[in-house]
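The sequence lines fix the lettering, A, B, ..., with proteins before strands; numbering per chain opens at 1. None of these values were measured; they are calculated from a predicted model.
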Amino acid sequence: GAVVSQHPSWVICKSGTSVKIECRSLDFQATTMFWYRQFPKQSLMLMATSNEGSKATYEQGVEKDKFLINHASLTLSTLTVTSAHPEDSSFYICSARGIIVNQPQHFGDGTRLSIL
Amino acid sequence: GESVGLHLPTLSVQEGDNSIINCAYSNSASDYFIWYKQESGKGPQFIIDIRSNMDKRQGQRVTVLLNKTVKHLSLQIAATQPGDSAVYFCAENRESGGYNKLIFGAGTRLAVHP
């Protein structure tokens, strides 16, 4: 089946640091990639939708200057949490989907981000 | 934020029993639904999907039922095994602002006891 790789799987850093998370589709071309945030014992909340070669579309309440998304190729999207603070600590998960809309999104295994 | 609702936050079953996880959705225009399984510390794993022109779809040990009249979705797991223990999410594909996105339900934790 489709494989999505997310890196790093966990990161601990100091407040004020910027952190980059990578999401790669390993065996298919991901026209669209999605970034989610998940707090403990809660559901996934969509942060932004990223189409290859265009600007990301952010959900209401998500700061685009805080969470920078780049989708420069059909196999790679990155999320950069800029000037991270403790309240940004969370589980960040990416997903990828091919060109057909009504098909499953395939998820990475998430990145546990802890800001001290 | 937006969400698809669930009836049962936690479900405990005995190994070998059948499990039924329910989900209610709000947008009658949604045309595609997916069930995901999420184990601790991992990303969601695709289980089964169904399009709105169907009311039932079967996979290996899993069946998804869709009732569009009452906007209800269910996941049935036959002969539940300890490895089925996880959180299960239903997700509704919704178009918004020209984009298609998944709206996830709150999740149901399935605990399988030997």
Checklist entry - If you draw a 6.0 Å radius around CD in Glu87(A), do more than 12 non-hydrogen atoms from other residues or ligands fall strictly inside? => result yes

Next on the checklist: Within the supplied structure, the quantity of interest is the number of heavy atoms (other residues, nucleotides, ligands) at a distance under 6.0 Å from His85(A) NE2; does it exceed 12?
Outcome noted: yes

Checklist entry - Between the side chain of Ser43(A) and the main-chain N/O of Gly105(B), is any donor-acceptor distance below 3.5 Å? => result yes

Item to check | Interface moiety of Gln105(A) toward chain B, non-hydrogen atoms closer than 4.5 Å | outcome: both

Checklist entry - Which bit of Ile34(B) is near chain A, if near means a heavy-atom gap under 4.5 Å: side chain, backbone, both or neither? => result side chain

Next on the checklist: Only pairs of heavy atoms separated by less than 4.5 Å count here; which of Phe34(A), Trp10(A), Tyr36(A) has the most with chain B?
Outcome noted: Tyr36(A)

Checklist entry - Are the side chains of Pro104(A) and Trp35(B) in touch, meaning some heavy atoms are under 4.5 Å apart? => result no

Item to check | More than 12 heavy atoms of other groups within 6.0 Å of Gln29(A) CD | outcome: no

Next on the checklist: Pair Asn100(B), Arg97(A) - check side chain to side chain contact (heavy atoms under 4.5 Å, CB included), show working.
Outcome noted: CA-CA 11 Å; Asn100(B) 282 275; Arg97(A) 187 186 66 201; 4.0 Å; yes

Checklist entry - Once you round to the nearest 0.5 Å, how far does CD of Gln38(A) lie from CZ of Phe104(B)? => result 9.0 Å

Ignoring hydrogens and angles, write down the donor-acceptor pairs under 3.5 Å from the side chains of residues 108-116 of chain A, residues two or more places apart or on other chains.
from, atom 1, to, atom 2, distance (Å)
Asp109(A), OD1, Gly43(B), N, 3.2
Thr111(A), OG1, Gln6(A), NE2, 3.1
Thr111(A), OG1, Pro8(A), O, 2.5

Item to check | Nearest-0.5 Å distance, CD of residue Gln38(B) to CG of residue Leu44(A) | outcome: 5.5 Å

Checklist entry - Around Lys20(A), counting heavy atoms of other residues, nucleotides and ligands shown, do more than 12 lie under 6.0 Å from its NZ? => result no

Item to check | Neighbour count >12 (heavy atoms, 6.0 Å) for atom NZ, Lys64(A) | outcome: no

